[in-house]
Number of protein chains: 2
Amino acid sequence: MKLLEIIKSLSNQTRLDILAWLKDPFAYFPAEELSDYDPALGVCVSDISKKAGMSVPTVSVYLKNMAAADILVATRKDQWTYYKRNEESIQQLAELIKDKL
Amino acid sequence: MKLLEIIKSLSNQTRLDILAWLKDPFAYFPAEELSDYDPALGVCVSDISKKAGMSVPTVSVYLKNMAAADILVATRKDQWTYYKRNEESIQQLAELIKDKL
DNA sequence: TAGGTATTTAGGTAAATACCTAAGTTTGTC
DNA sequence: GACAAACTTAGGTATTTACCTAAATACCTA
């Protein structure tokens with residue numbers, strides 16, 4: 001668990017927002033986009049970029065970095081890449097801050 | 001507690017290191033600098049900058065930002081500014097990540 | 001008031017990050 | 001194979017951050 005990498009992957013508002021949106025997709029994404037939502041997969045890049053109001057490439061890189069830091073998990077399926085939160089990592093991060101930081 | 005501000009105040013290695021050094025000053029600072037160390041105050045700017053191997057102004061700004069984010073507490077005494085960790089804030093941060101992030 | 005030490009503020013350059021558009025890749029469908 | 005949809009990679013500009021030196025401020029002591 002590389003603390004600095006994680007912190008950097010979280011150090012802008014959009015990235016923090018994405019994490020919040022993915023915590024409860026039904027509260028933040030339009031129902032029609034979630035018609036076949038699978039919690040094991042998460043939400044696809046274009047839906048997230050739409051929600052963020054940013055270009056797909058920008059958001060794609062954000063997500064990729066967050067996945068590299070192990071805060072998100074990416075799953076490629078057909079032509080989509082889905083992202084979901086890595087809850088275990090997030091809890092580990094909390095523990096690390098609590099005990100080690 | 002402004003999460004983004006806190007995260008930004010922690011998003012470089014030196015700042016993380018400072019937090020670690022202040023957790024156990026006797027393990028990281030030369031004994032002679034700590035001859036009248038007071039845990040209620042912490043360590044002064046110039047000692048921290050020496051330990052970091054960076055200029056005093058650079059470290060002064062780091063410390064100031066971390067204090068603005070409430071992660072450190074600054075105390076001015078005579079011509080020195082001492083910094084110590086804000087343990088309560090750090091625990092709050094851990095809780096926030098655990099429950100809200 | 002003069003001079004010294006500790007710190008902060010200002011101002012500058014270099015590197016990193018934020019975003020975009022355009023171009024390429026992957027995968028599915030006709 | 002041609003085309004479309006979703007995504008990634010490349011490449012560019014603008015803003016932010018890193019870090020320095022120089023100058024200003026604060027506070028002590030003679």
Side-chain angles (χ1 to χ4, degrees), chain A residues 2 4-19 22 29-30 32-38 41-69 71-84, chain B residues 2 4-19 22 29-30 32-38 41-69 71-84:
Chain A
K2 293 175 193 158
L4 183 58
E5 184 183 13
I6 295 172
I7 288 180
K8 286 193 168 181
S9 85
L10 298 180
S11 62
N12 92 21
Q13 190 59 58
T14 304
R15 291 160 187 237
L16 288 178
D17 288 343
I18 289 171
L19 220 41
L22 292 179
F29 295 91
E32 60 273 24
E33 285 172 0
L34 299 175
S35 55
D36 26 48
Y37 173 71
D38 178 351
L41 297 177
V43 180
C44 72
V45 176
S46 55
D47 288 349
I48 297 172
S49 90
K50 205 173 302 167
K51 172 71 184 164
M54 284 181 179
S55 73
V56 171
T58 295
V59 172
S60 171
V61 172
Y62 280 1
L63 294 169
K64 193 180 161 129
N65 291 342
M66 291 166 84
I71 286 299
L72 296 182
V73 177
T75 309
R76 178 88 193 195
K77 189 192 171 196
D78 301 337
Q79 67 266 60
W80 296 280
T81 306
Y82 295 94
Y83 283 91
K84 65 172 178 180
Chain B
K2 294 175 193 159
L4 183 59
E5 184 184 14
I6 295 172
I7 288 180
K8 285 191 168 182
S9 84
L10 298 180
S11 64
N12 91 21
Q13 191 59 57
T14 304
R15 291 159 186 237
L16 289 178
D17 288 344
I18 290 171
L19 220 42
L22 293 179
F29 295 91
E32 60 273 24
E33 286 172 0
L34 298 177
S35 55
D36 26 49
Y37 173 71
D38 178 351
L41 297 176
V43 180
C44 73
V45 177
S46 54
D47 289 349
I48 298 172
S49 89
K50 204 173 301 166
K51 173 70 185 165
M54 282 180 179
S55 74
V56 170
T58 296
V59 171
S60 172
V61 172
Y62 281 0
L63 294 169
K64 194 182 161 125
N65 290 341
M66 290 165 84
I71 286 301
L72 296 183
V73 177
T75 309
R76 179 88 190 193
K77 189 192 171 196
D78 300 337
Q79 68 265 60
W80 296 280
T81 305
Y82 295 94
Y83 283 92
K84 67 171 177 179

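Here the structure is a predicted model, which means the values were calculated and not measured. Numbered from 1 within each chain, the chains take letters A, B, ... in sequence-line order. Excluded from the calculations below are hydrogen atoms, water molecules and symmetry mates; all remaining heavy atoms, backbone and side chain alike, are included.
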When the distance from [atom1] of [X] to [atom2] of [N] is rounded to whole Å, what number comes out?
X     : N      : atom1 : atom2 : value
B/I18 : D/dA18 : CD1   : C1'   : 13 Å
A/I48 : D/dT8  : CD1   : P     : 10 Å
A/I7  : C/dT17 : CD1   : C1'   : 17 Å
B/Q13 : C/dA16 : CD    : P     : 15 Å
A/K64 : D/dA6  : NZ    : C1'   : 15 Å
B/R15 : C/dA16 : CZ    : P     : 16 Å
A/E33 : D/dA6  : CD    : C1'   : 14 Å
A/L63 : C/dA18 : CG    : C1'   : 15 Å

**Message:** Are the side chains of A/Y83 and A/M66 in contact, using a 4.5 Å heavy-atom criterion?
**Reply:**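 A/M66 vs A/Y83: side chains apart.
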**Beyond-backbone contact of A/K84 with A/L41, side-chain heavy atoms, under 4.5 angstrom** =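 No, their side chains stay 4.5 Å or more apart.
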**Message:** B/T75 vs B/W80, test: side chain to side chain contact (heavy atoms under 4.5 Å, CB included). Steps then yes/no.
**Reply:** CA-CA 8 Å; B/T75 309; B/W80 296 280; over 6 Å; no
Name the pairs: protein N/O against N/O of nucleotides 20-23 of chain C, kept only if under 3.5 Å.
from   : atom 1 : to    : atom 2 : distance (Å)
C/dC20 : OP1    : A/S55 : N      : 3.4
C/dC20 : OP2    : A/S55 : N      : 3.0
C/dC20 : OP2    : A/S55 : OG     : 2.6
C/dC20 : OP2    : A/T58 : OG1    : 2.7

**Asked** Who does D/dT17 pair with, Watson-Crick or G-U, both distances under 3.5 Å?
**Response**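 The answer is C/dA14, by the H-bond criterion.
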**Request:** Could you check which nucleotide pairs with D/dG1 in any of the strands shown, counting Watson-Crick or G-U wobble with both distances under 3.5 Å?
**Result:**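 Pairing partner: C/dC30.
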**Request:** Return the residues of residues 72-83 of chain A meeting this criterion: a heavy atom under 4.0 Å from some atom of DNA chain D. Order them by number, or give none.
**Result:**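 Hits under 4.0 Å, by residue number: A/R76, A/Q79, A/W80, A/T81, A/Y83.
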**Asked** What nucleotide, of D/dT8, D/dC19, C/dT7, holds the atom closest to the side chain of A/V45?
**Response**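 Within the option list, the nearest is D/dT8.
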**Prompt:** Looking at C/dC19, D/dT9, C/dT7, which one has an atom nearest to any side-chain atom of B/C44?
**Reply:**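 Of the options given, the side chain of B/C44 lies nearest C/dT7.
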**Request:** Would you tell me if any nitrogen or oxygen in the side chain of A/S46 comes within less than 4.0 Å of OP1 or OP2 on D/dA5?
**Result:**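 No, because none of the side-chain N or O atoms of A/S46 sits under 4.0 Å from OP1 or OP2 of D/dA5.
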**Request:** Output yes when at least one side-chain N/O atom of A/N12 is less than 4.0 Å from OP1 or OP2 of C/dT17, else no.
**Result:**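 Checking A/N12 against C/dT17: no side-chain N or O falls below 4.0 Å of OP1 or OP2.
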**Request:** Test side chain to side chain donor-acceptor pair (under 3.5 Å) on A/Y62 and A/N12 and set out the steps.
**Result:** CA-CA 10 Å; A/Y62 280 1; A/N12 92 21; 3.0 Å; yes
Atom of [X], atom of [Y] and distance for their closest heavy-atom approach:
X     : Y     : answer
A/D47 : A/F29 : O-CE2, 3.7 Å
B/L4  : A/S11 : CD1-C, 3.8 Å
B/I71 : B/S9  : CG1-OG, 4.4 Å

**Residue list, side chain to side chain donor-acceptor pair (under 3.5 Å) with B/T81, at least two apart or on another chain** =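 Per chain and number, B/T81 pairs via side chain to side chain donor-acceptor pair (under 3.5 Å) with B/R76.
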**Message:** Taking B/K51 first and then B/E33, would you say they form a salt bridge - that is, a charged N and a carboxylate O separated by under 4.0 Å?
**Reply:**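 No, this pair does not count.
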